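These notes concern the structure reproduced below.
Along the sequence shown, residues are numbered consecutively beginning with 1. The structure presented is a predicted model; accordingly, all values stated were derived computationally and were not measured.
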Amino acid sequence: MAGAVPNLCCSRQDVLDILAAFRRGGEQGLRLAIEAKNKEMSNVHVRIAVMGESGCGKSTLINTLLELDDEEAAATGFDETTTKITPYSHPSLPNVHYYDFPGLNTPKFPVKEFMKNTKFGEYDLGIIVIERWTENDQFLAMALKKAGKPFHVVRSKMDHIVTSESGKKGYNRDAMLQSVRKNCSSSLEKAGMGETRVFLHSNHDLEGYDFSKLKEAVVSNLSETQKQLFLLSLPNTCEDSINEKRKALQLTIEFKAGLSATIAVIPVPGLSLVCDLALIGSTIRSMRRVLGLDDGSLRKLAERVGKNKDDLRRDTKHTWVFGEINKEQVLLLLQKSTVAAALTVTELVLDFVPILVSVFGATTSYSVTRTMLTNSLEEMVETAKIVLRNAKAAASATPGRASGY
């Protein structure tokens, strides 16, 4: 997939496992553990079924979560013809999948046949998007329950309700939102669904309603590694979301540093430094993409808020983040860190002595890689927050212009 980044999902337990492998089996144990973990992590997927009546906003929700542009986007609107489930994968983290279910409310839709043939157990969870709870939503919820899968109910298009209600006498936004939640929950309870939490949502203001609570609910249904992958895939809607990505990427850095240690013990003169540069460079590029700082992500964001990329970069200090990340740039970044630079020089000497490399190389390579990637991550996180603030300021100047801002 074009634009995909190497697998970055990594849990705390994954890091602890490779450290334990090193203690048990030294460099060989570490190498084998990392190979096994890489294979295991490449098979980690997040599969979310997005369901609801035609025209309820489920396709728009998918487009917003995946930040798809017009060419990539799920078709929106009322479609009376499709009876197929359409998969959409994250453009840079392709192991995150959303499945756009057809609306069961279209004329002549073969509901019974569709329900019989759909394998609901293949999904990790379902999100049922509603404007009102219908019999078809009930069918889908019960099918997920029967398959042992959790689901969450999202009341969409809240911005429409706010616009409609805000002009009325005595309007109180909090009271109105609580009333919508209560009415939706009451409908579900009457339909025999018990006490079911309803999340209010607008694709034009992700943080204005219950998106953060929905995110927490989804995460609670996922494994630790799936959780990291899911959080990394989400758009930067607030500084907390950037901090969540930072936390997940810190675990990735520990894993990548461990990987660099297995490269460093190969007794080939100069190899550890070259491989470290390549590993550091590729990881920085991947982290930049996940944090929305690559050129393509900035272009999409600039289009959404009606500004150019330079406006989004305003007041950022670490301009290297936006440039080409190649061997020369990594060397420049290395020179910024006295500790990392010193360790690199030591490694250049040790590489000519295979026995010494096997003893000391892993330690120094780990330290260089960890230091470099940690420093780079902190500067990218700082930059991402400034870009977010600039985007929010631009969106505020043109209300409704940018989804998620």
[X] and [Y]: side chain donor to acceptor below 3.5 Å:
| X | Y | value |
| --- | --- | --- |
| Asp100 | Ser59 | yes |
| Asn236 | Lys385 | no |
| Asp17 | Gln13 | yes |
| Thr134 | Asp137 | yes |
| Trp133 | Gln138 | yes |
| Gln228 | Glu224 | yes |

Roughly how far, to the nearest 0.5 Å, is the [atom2] atom of [Y] from the [atom1] atom of [X]?
| X | Y | atom1 | atom2 | result |
| --- | --- | --- | --- | --- |
| Lys327 | Ile280 | NZ | CD1 | 12.5 Å |
| Leu229 | Leu222 | CG | CG | 9.0 Å |
| Ser220 | Leu125 | OG | CG | 9.0 Å |
| Asp159 | Asp205 | CG | CG | 8.0 Å |
| Asn136 | Asn105 | CG | CG | 6.5 Å |

Any Lys/Arg nitrogen of [X] or [Y] sitting under 4.0 Å from an Asp/Glu carboxylate oxygen of the other?
| X | Y | result |
| --- | --- | --- |
| Arg173 | Glu165 | no |
| Lys309 | Asp295 | yes |
| Glu35 | Lys39 | no |
| Arg47 | Glu122 | no |
| Lys300 | Glu67 | no |
| Glu53 | Arg132 | no |

>> For the residue pair Arg313 and Phe322, would you count it as a cation-pi contact if the rule is NZ or CZ under 6.0 angstrom from the ring centre and within 45 degrees of the ring axis?
In response: yes

Please list, one pair per line, the donor and acceptor atoms closer than 3.5 Å that link side chains of residues 182-192 to other protein atoms, with sequence neighbours excluded.
from	atom 1	to	atom 2	distance (Å)
Asn183	ND2	Ser179	O	3.3
Ser185	OG	Arg181	O	3.0
Ser187	OG	Asn183	O	3.1

Do [X] and [Y] have side-chain heavy atoms sitting under 4.5 Å apart?
| X | Y | result |
| --- | --- | --- |
| His152 | Arg197 | no |
| Asn95 | Leu93 | no |
| Leu65 | Leu61 | yes |
| Tyr88 | His97 | no |
| Leu388 | Ile386 | no |
| Val305 | Leu312 | yes |
| Met51 | Val129 | no |
| Arg155 | Ile161 | yes |

> Is the His201 ring parallel, tilted or perpendicular to the Phe211 ring (thresholds 30°, 60°)?
Replying inline: tilted

> Which class fits the ring pair Tyr99 and Tyr123: parallel under 30°, tilted 30 to 60°, perpendicular over 60°?
Replying inline: perpendicular

> If only atom types and distance count, is the side chain of Ser202 paired as donor or acceptor with the main-chain N or O of His204 below 3.5 Å?
Replying inline: yes

> Any donor and acceptor pair, going by atom type alone, linking the side chain of Asp311 with main-chain N or O of Lys307 inside 3.5 Å?
Replying inline: no

>> As a quick check of understanding, evaluate salt bridge (Lys or Arg N to Asp or Glu O under 4.0 Å) for Asp294 and Arg288, giving each step before the final call.
In response: CA-CA 6 Å; Asp294 62 293; Arg288 178 174 68 176; over 6 Å; no

>> Run the salt bridge (Lys or Arg N to Asp or Glu O under 4.0 Å) test on Glu379 and Lys317 for me, step by step, so that the C-alpha distance in whole Å, both residues' side-chain angles and the decisive distance to 0.1 Å come before the verdict.
In response: CA-CA 9 Å; Glu379 292 186 359; Lys317 295 188 296 184; over 6 Å; no

>> Please determine whether side chain to side chain contact (heavy atoms under 4.5 Å, CB included) holds for the pair Tyr209 and Phe199, giving the CA-CA distance in whole Å, both sets of side-chain angles, and the decisive distance to 0.1 Å.
In response: CA-CA 8 Å; Tyr209 300 94; Phe199 300 92; over 6 Å; no

For residues [X] and [Y], report the shortest heavy-atom separation together with the two atoms involved.
| X | Y | result |
| --- | --- | --- |
| Ser54 | Thr106 | OG-CG2, 3.4 Å |
| Lys58 | Gly103 | NZ-N, 4.1 Å |
| Ser297 | Arg289 | OG-NE, 4.0 Å |
| Lys245 | Leu232 | CE-O, 3.5 Å |
| Pro235 | Ser241 | O-OG, 3.9 Å |

> Does the side chain to side chain contact (heavy atoms under 4.5 Å, CB included) test come out yes or no for Val218 and Leu214, once each step is laid out?
Replying inline: CA-CA 6 Å; Val218 169; Leu214 173 63; 4.2 Å; yes

> Run the side chain to side chain contact (heavy atoms under 4.5 Å, CB included) check on Met115 and Leu104 step by step: do they pass?
Replying inline: CA-CA 10 Å; Met115 297 298 293; Leu104 308 190; 4.1 Å; yes

>> Using side chain to side chain donor-acceptor pair (under 3.5 Å), reason through Thr383 and His318 one step at a time and then give a plain yes or no.
In response: CA-CA 7 Å; Thr383 303; His318 311 294; 5.1 Å; no

